[in-house]
Structures are given as structure tokens and as C-alpha cells.
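See structure below.
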Amino acid sequence: MRNFTPVIFIVIGLSMQLRADTISLLPIVDGSAEDDNGDGIFELLLPQNDSQLRAETGAPTSQRAALEFDLAMIPSSAQIQSAYLLLTMTARDNHTADFVVNGYVGDGVIQLSDFNAGNPILEVSFPASDPIPLTPNRFDVTAGLNDLMASQAEIAGFGLSVNSISLLNFASNENSQSTWRPTLEVNYTVPEPSSSELAVAGILVGLFLFKKSSPSIRLVPVRFCKKNIYEQNCHPPQVIVRGTRDT
């Protein structure tokens with residue numbers, strides 16, 4: 001009499017889904033520094049408990065600010081969709097302000113070299129006639145943050161300055177108004193396995209355990225379908241059991 005040996009065919013469809021998330025980060029450090037003679041070298045760190053982040057170009061005294069954010073909460077596989085630096089203006093003078101944001105790799109410590117570090121990632125002009133807004137300014141730093149993450153930076157630093165004779169102050173992380181404090185708002189997506197893919201993983205574990213107790217069962221992969229995350233027509237995982245004849 002002929003017996004049938006079960007042959008298990010496994011068809012696996014890999015489908016990576018994108019999970020979107022938004023995170024708001026407070027700076028781990030921030031501060032301002034002063035150049036007291038207009039030579040572009042910042043010699044003096046202002047008190048760390050200052051409630052203001054100071055950006056001023058004067059004659060000859062100038063001030064700049066810097067703040068740093070820990071990126072540990074953002075997965076390394078994340079794709080940054082948008083990033084905004086939220087700053088609440090607290091003071092300005094009656095000059096047009098050419099505001100500049102630099103991006104640099106931070107280290108969790110504000111030091112004098114930070115105030116000339118990095119490259120401009122954003123430039124915005126505030127006309128002299130503009131009033132001080134009552135809500136945070138949203139500065140788009142998406143490109144800059146993507147560059148920092150591509151360089152494997154663990155801490156993102158942002159330098160604040162003005163190029164023209166003007167003054168802009170923003171609330172620091174030490175400001176008594178908690179809703180005014182600076183924030184880095186990041187929206188990102190992360191590829192992750194679909195629920196069906198996770199189910200197949202569980203099935204495979206069960207099959208291999210069953211195979212150990214039933215040597216006559218053979219596992220035969222018949223097809224591997226890899227689905228691009230932007231495609232929609234990859235077959236779902238299947239487990240097909242068929243018999244083959246033993247002579």
C-alpha cells in the first residue's frame with residue numbers, strides 16, 4: 001500500500017507597512033553667548049538660567065543662541081517627513097531682522113564653539129512692521145534634521161542669529177511660561193512588519209517544532225514574494241499542505 005508523506009509548501013508575502021508618529025522634544029541644553037567687539041568670535045557665555053535666547057547684531061556687541069535636542073526617541077530606521085523648531089518671540093526692536101538658523105552636531109553641552117558651528121539651514125526675514133506674535137513661530141528645519149540624522153548625529157544642535165542690525169529674543173527652556181519654551185516637533189514614518197507577516201512567523205515556529213516530532217514532514221518553500229512598501233499587490237502569506245506519494 002502506498003503511503004503519503006505530507007509536504008508543506010510555504011508561500012510568504014513580505015509586506016512592510018509604514019507607521020507614522022509625531023514626537024515633540026524639549027532641548028536638553030540651551031544658552032546664549034556674546035561677542036563684545038564685533039570680530040565674530042564669541043568670548044562670553046551668558047548665564048545658563050537666562051529665560052531668553054538672544055539673537056542680536058549690534059555695533060559692536062552681538063549675541064547668538066544655541067539649543068540642542070536628544071534624538072534618542074526617534075528610531076534609527078525613521079524617515080523624517082517634517083521637522084519644525086517652535087520658538088516663541090519675547091522681544092524685538094524696530095529693525096528688519098534677517099533671522100538665520102544653523103544646524104550642527106551637538107554633544108549635550110553648550111560651549112562657545114557652538115555659536116559658529118554648522119551651516120545655515122533656514123533664513124527668514126522679519127519686517128520691522130511685524131508685531132511680536134502671540135503664538136510660537138514654526139521654523140521648518142526638515143532638511144537640516146535629515147542631514148544631521150544621515151550623519152549619525154545623536155544630538156541635533158541649532159544655532160540662532162541675525163545677520164542685520166537687529167534684535168530678536170525667544171523664550172528659553174528656563175522660561176517661566178512653560179508653553180513658550182522651545183520645542184522640536186518631528187513627524188516621521190517607520191517601516192514595520194504587517195500583522196499577517198507576524199502571523200506567518202508564529203506559524204513557522206509551530207511547524208518547525210512539529211517537524212521535530214514528525215520527521216516525515218518536509219517543509220518546501222515554493223515562492224518568496226518581496227513587496228515594496230509602495231506597492232499594493234503582493235500576495236498575503238499562505239501555508240499549503242499537499243501529499244506526495246511514497247513508492
Side-chain angles (χ1 to χ4, degrees), residues 21-35 42 44-58 61-74 80 82-104 106-112 114-115 117-118 120-142 144-145 148 155-188:
D21 204 354
T22 299
I23 189 170
S24 294
L25 304 174
L26 291 173
I28 54 175
V29 289
D30 63 5
S32 303
E34 184 171 281
D35 168 17
F42 289 79
L44 176 66
L45 280 174
L46 300 182
Q48 289 282 309
N49 60 353
D50 192 349
S51 63
Q52 313 293 321
L53 294 172
R54 304 175 184 276
E56 177 185 8
T57 294
T61 301
S62 296
Q63 296 177 341
R64 290 182 183 176
L67 58 167
E68 299 184 359
F69 298 86
D70 190 345
L71 303 179
M73 296 290 289
I74 302 176
I80 304 299
S82 65
Y84 289 91
L85 184 61
L86 277 62
L87 299 173
T88 301
M89 191 183 300
T90 56
R92 64 165 303 175
D93 62 9
N94 59 356
H95 294 91
T96 294
D98 296 324
F99 180 62
V100 180
V101 178
N102 273 27
Y104 68 93
D107 58 5
V109 179
I110 296 296
Q111 46 197 335
L112 290 172
D114 294 336
F115 299 96
I121 59 174
L122 176 71
E123 298 186 22
V124 179
S125 181
F126 288 92
S129 58
D130 281 4
I132 296 175
L134 300 178
T135 56
N137 295 89
R138 295 173 60 87
F139 300 107
D140 189 344
V141 295
T142 307
L145 184 60
L148 289 171
I155 296 175
F158 298 100
L160 314 179
S161 62
V162 287
N163 280 341
S164 54
I165 299 294
S166 57
L167 176 150
L168 292 178
N169 285 353
F170 299 94
S172 74
N173 200 37
E174 291 72 34
N175 198 284
S176 59
Q177 298 287 337
S178 59
T179 57
W180 291 5
R181 293 170 185 168
T183 304
L184 180 62
E185 182 183 281
V186 183
N187 176 266
Y188 62 87

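Counting begins at 1 with the first residue of the sequence. Atom set for the values below is all heavy atoms of this structure, side chains included, hydrogens, waters and symmetry mates excluded.
For A171 against L53, the heavy-atom pair with the smallest separation is O-CD1, 3.8 Å. Minimum interatomic distance between V100 and P120 (heavy atoms only, all atoms of both residues): CG1-CB, 4.0 Å. Closest of all the heavy-atom pairs between T183 and S24 is CG2-CB, 3.7 Å. Shown here for Y104 and G159, the closest heavy-atom pair between the two residues is CE2-N, 3.9 Å. Here the closest heavy-atom approach between residue V162 and residue A97 is recorded as CG1-CB, 4.3 Å. Among all heavy-atom pairs drawn from L67 and P182, the shortest one is CD1-CB, 3.7 Å.
Scanning for ring-ring contact (aromatic ring centres under 6.0 Å, His included) contacts around F99 gives F139, F170, with sequence neighbours left out. Annotation: side chain to side chain donor-acceptor pair (under 3.5 Å) contacts of S172 (sequence neighbours excluded): E174. Residues passing the side chain to side chain contact (heavy atoms under 4.5 Å, CB included) test with P47, sequence neighbours excluded: N49. Looking at residues two or more places apart in sequence or on another chain, you find no side chain to side chain donor-acceptor pair (under 3.5 Å) involving E56. Listed by chain and residue number, D50 satisfy the salt bridge (charged side-chain N to carboxylate O under 4.0 Å, His left out) test with R54 (two or more places apart in sequence, or in another chain).
Using a 4.5 Å heavy-atom cutoff, the side chains of T90 and W180 are in contact. No side-chain heavy atom of T57 sits less than 4.5 Å from a side-chain heavy atom of N163. Two residues are said to be in side-chain contact when any heavy atoms from C-beta on lie closer than 4.5 Å; V141 and Y84 fail this criterion. Residues D114 and E68 are in side-chain contact: their nearest non-hydrogen atoms beyond the backbone lie under 4.5 Å apart. A heavy-atom distance below 4.5 Å is not found between the side chains of F115 and L160. By the 4.5 Å heavy-atom criterion applied to side chains, H95 and L167 are not counted as neighbours. Within the 4.5 Å cutoff, no side-chain heavy atoms of R181 are placed close to those of T88. In this structure, M89 and N169 have side chains that are not in contact, with every pair of non-hydrogen atoms separated by 4.5 Å or more.
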Under 3.5 Å, sequence neighbours excluded: what are the donor-acceptor pairs made by side chains of residues 125-138?
residue: S125; atom: OG; partner: D98; partner atom: OD1; Å: 3.3
residue: R138; atom: NH1; partner: E185; partner atom: OE2; Å: 3.4
residue: R138; atom: NH2; partner: E185; partner atom: OE2; Å: 3.0

ask   = Are V186 and L145 close enough, and set up right, to give a side-chain contact (heavy atoms from CB on, under 4.5 Å), and what steps lead you there?
value = CA-CA 9 Å; V186 183; L145 184 60; 3.8 Å; yes
key: Residues N187, T22; criterion side chain to side chain donor-acceptor pair (under 3.5 Å); working and verdict   = CA-CA 4 Å; N187 176 266; T22 299; 2.9 Å; yes
request  = Under the side-chain contact (heavy atoms from CB on, under 4.5 Å) rule, what do N173 and L26 come out as? Steps first, then yes or no, please.
outcome  = CA-CA 8 Å; N173 200 37; L26 291 173; 4.1 Å; yes
task = Check step by step if side-chain contact (heavy atoms from CB on, under 4.5 Å) holds for F69 and L85.
result = CA-CA 11 Å; F69 298 86; L85 184 61; 3.8 Å; yes
inquiry  = side-chain contact (heavy atoms from CB on, under 4.5 Å), that's the test. Do N175 and Q52 meet it? Break it down for me.
reply    = CA-CA 7 Å; N175 198 284; Q52 313 293 321; 4.0 Å; yes
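Side-chain atoms of T142 come within 3.5 Å of backbone N or O of A83 as a donor-acceptor pair. Listed for the E34 side chain is no donor-acceptor partner under 3.5 Å among the backbone atoms of Q63.
With rounding to the nearest 0.5 angstrom, the CG atom of L184 is 11.0 Å from the CG atom of D70.
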